[in-house]
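Naming: A, B, ... by sequence-line order, numbering from 1 per chain. As the structure is a prediction and not an experimental result, all values here were calculated from the model.
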There are 2 protein chains.
Amino acid sequence: MASEQLPDDHYRISYEEIHLDIAETARQIRQTFAPDLMVAIGGGGFFPARVLRTFLKREGSNGKLVNVPIQAIGLSLYEDLGQAEKALQSSGPSSLGKIGVEVVRTQWLDAPKRDVKDGNAETQLHGGLLGKNILIVDEVDDSRTTLRYAYNELLSDVRKALEALTPEQRAQTPPTRFAIFVVHNKLRSKKGSLPIVCQRKDENGTVVSGVWYFAAETTGNIWIEYPWEQDDILEHNRLTALAKKLGQNGKRDSE
Amino acid sequence: MASEQLPDDHYRISYEEIHLDIAETARQIRQTFAPDLMVAIGGGGFFPARVLRTFLKREGSNGKLVNVPIQAIGLSLYEDLGQAEKALQSSGPSSLGKIGVEVVRTQWLDAPKRDVKDGNAETQLHGGLLGKNILIVDEVDDSRTTLRYAYNELLSDVRKALEALTPEQRAQTPPTRFAIFVVHNKLRSKKGSLPIVCQRKDENGTVVSGVWYFAAETTGNIWIEYPWEQDDILEHNRLTALAKKLGQNGKRDSE
């Protein structure tokens with residue numbers, strides 16, 4: 001039964017609205033950061049990264065538009081894992097199940113390319129991060145724990161790759177820069193901190209420390225209902241429209 | 001200016017319709033295949049995989065619903081790569097730029113977990129594929145080249161992992177099964193073939209050869225306009241609705 005009341009104070013948003021929000025922010029990202037590579041944090045970052053790709057196309061050498069490549073990483077907050085997954089992490093070869101670990105890697109960049117036939121390990125400069133403008137993509141910046149983890153680990157990969165170069169190679173490598181894109185940034189106390197700055201060079205001049213930050217929308221500390229999470233997308237869209245009509249979209253935008 | 005004519009015979013589909021189509025097929029997948037793991041082919045498989053995750057939740061040991069994990073792989077048809085990407089592939093450490101190579105891996109499962117600190121390589125049974133029901137996810141089955149590549153390579157990873165086991169370990173490993181999900185299967189001549197079967201055991205009884213196949217929709221050999229590719233999502237939605245109204249949705253469904 002369709003009712004004229006909202007069931008809760010959640011903030012509902014449709015696919016179309018998110019698509020439009022991403023398009024708008026993408027314009028800003030193109031002008032100020034111009035990413036060479038996206039790193040999508042799965043599963044929430046998958047949809048935003050795919051839509052961003054549509055709006056971040058660059059002109060290639062032959063005048064044709066080319067896509068910004070997307071690499072995916074899988075990260076979960078340990079507290080969100082199921083019992084079976086926790087057991088797997090504790091018994092597995094990695095030390096990810098240890099007490100105090102907040103973020104679990106379920107997938108990382110497949111940096112070392114291995115030719116399985118002859119066992120030759122060929123390194124690929126940590127997923128080809130060096131000298132790139134790298135845009136980390138997720139759906140929401142909530143506690144900031146996952147984003148901080150992703151940024152710190154990617155930065156660490158870059159530093160290790162730089163250390164492995166000769167001084168001459170390092171001098172020839174363009175700076176590596178990081179930016180973050182989220183659909184929603186919740187204004188709340190963050191557990192993780194990020195060195196959000198505009199531009200600063202570190203001691204060896206090749207990593208820009210600090211990270212650009214783009215959020216398509218800033219919200220209060222609210223429950224966000226994403227369309228891709230909905231069992232019933234038609235009811236979700238009805239409630240999204242109803243919230244607008246009633247002027248109760250729950251967003252409590254703090255901008 | 002909004003016009004009452006369609007600009008072309010492309011098949012347009014909205015986010016909402018794809019979400020509903022995926023929901024319907026997910027019911028069938030849950031009953032007949034029950035995946036333990038999704039492997040999303042980026043970037044097209046990202047959106048379907050994320051929506052599938054909503055509908056493929058399983059009951060965990062504590063009665064709570066748990067997500068089916070998503071791993072991502074990146075595959076491009078070599079002919080679709082830009083000049084710069086082709087040059088990169090030819091000059092890189094891999095042999096992917098060779099003539100005759102149709103599919104280029106831009107990312108694979110990060111199978112070997114490496115502790116970078118002490119250089120210890122710990123294998124993780126090829127991304128944890130063994131003994132799982134693995135659902136490969138992409139947006140469209142067009143020439144079938146990419147899907148054939150993904151299936152054959154994942155199957156090869158599984159066989160290698162099985163070979164590395166002792167006979168006792170092999171006997172304790174449940175069968176590994178593969179299925180494919182695409183939003184659209186185009187009825188056209190396929191360059192790649194897939195052994196689509198229901199169930200068959202191979203000689204050592206641990207890999208089920210053949211692959212389950214699910215398509216949310218079957219279409220003619222037409223141009224499909226996906227919502228996530230649209231510069232102008234509002235115009236896309238208008239044309240999608242107009243096509244329905246005019247009874248010219250371009251789908252030419254051949255079912």
Side-chain angles (χ1 to χ4, degrees), chain A residues 14-16 19-20 23 40 42-47 49-51 53-55 60-62 64 66-67 69-74 76 81-85 88 92-95 105-116 121-124 127-128 157 160 227-231 233-234 237, chain B residues 14-16 19-20 23 40 42-47 49-51 53-55 60-62 64 66-67 69-74 76 81-85 88 92-94 105-116 121-124 127-128 157 160 227-234 237:
Chain A
S14 70
Y15 281 120
E16 281 74 17
H19 189 106
L20 291 168
F46 285 168
F47 177 71
R50 179 59 193 83
V51 177
R53 201 173 83 174
T54 297
F55 294 103
S61 49
N62 58 357
K64 276 192 184 171
V66 293
N67 285 325
I70 304 173
Q71 297 272 319
I73 58 176
S76 288
L81 287 181
Q83 292 302 318
E85 286 167 298
L88 194 70
S94 65
S95 59
R105 284 186 185 196
T106 55
Q107 180 172 22
W108 199 248
L109 306 175
D110 66 338
K113 275 254 157 71
R114 282 168 33 121
D115 185 340
V116 183
E122 288 166 329
T123 59
Q124 217 211 356
D157 282 358
K160 275 174 202 141
W228 44 84
E229 292 169 342
Q230 302 307 314
D231 277 337
I233 189 70
L234 298 179
N237 285 351
Chain B
S14 69
Y15 280 121
E16 192 178 273
H19 190 107
L20 290 169
F46 284 169
F47 177 70
R50 180 59 192 86
V51 178
R53 201 175 82 174
T54 296
F55 295 103
S61 49
N62 57 358
K64 277 191 182 172
V66 293
N67 284 326
I70 304 173
Q71 297 273 316
I73 58 177
S76 288
L81 287 181
Q83 293 301 318
E85 286 167 299
L88 192 72
S94 64
R105 285 186 186 195
T106 56
Q107 179 171 22
W108 199 249
L109 305 176
D110 68 336
K113 274 255 159 71
R114 280 166 36 118
D115 185 343
V116 183
E122 289 168 330
T123 58
Q124 218 213 353
D157 282 357
K160 275 174 202 142
W228 45 84
E229 293 169 342
Q230 302 307 314
D231 278 336
D232 187 341
I233 189 70
L234 298 179
N237 284 353

Segment of B:Asp232 engaging chain A (4.5 angstrom heavy-atom cut-off): neither

Under a 4.5 Å heavy-atom cut-off, does chain B meet the side chain of A:Arg53, its backbone, both or neither?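 It is the side chain, since no backbone atom gets that close.
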
Heavy-atom cut-off 4.5 Å, strictly under: side chain, backbone, both or neither for A:Phe55 against chain B? side chain

Partner chain A: residue of B:Ile70, B:Asn237, B:Val51, B:Ile73 with the largest heavy-atom pair count (under 4.5 Å):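 Most heavy-atom pairs within the cutoff with chain A belong to B:Asn237.
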
Does B:Gly74 offer a backbone N or O that forms a donor-acceptor pair with the side chain of A:Gln71 under 3.5 Å?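 Side chain of A:Gln71 to backbone of B:Gly74, a donor-acceptor pair under 3.5 Å: no, none is there.
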
If every non-hydrogen atom of B:Trp228 is compared with every non-hydrogen atom of A:His19, which pair is closest and at what distance?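 So the two residues come closest at CA-CE1, 4.2 Å.
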
Tell me, do B:Tyr15 and A:Glu16 make a side-chain contact under 4.5 Å, heavy atoms counted?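 The answer is yes; the side chains approach within 4.5 Å.
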
Any non-hydrogen side-chain atom of A:Gln107 less than 4.5 Å from a side-chain atom of B:Gln107? yes

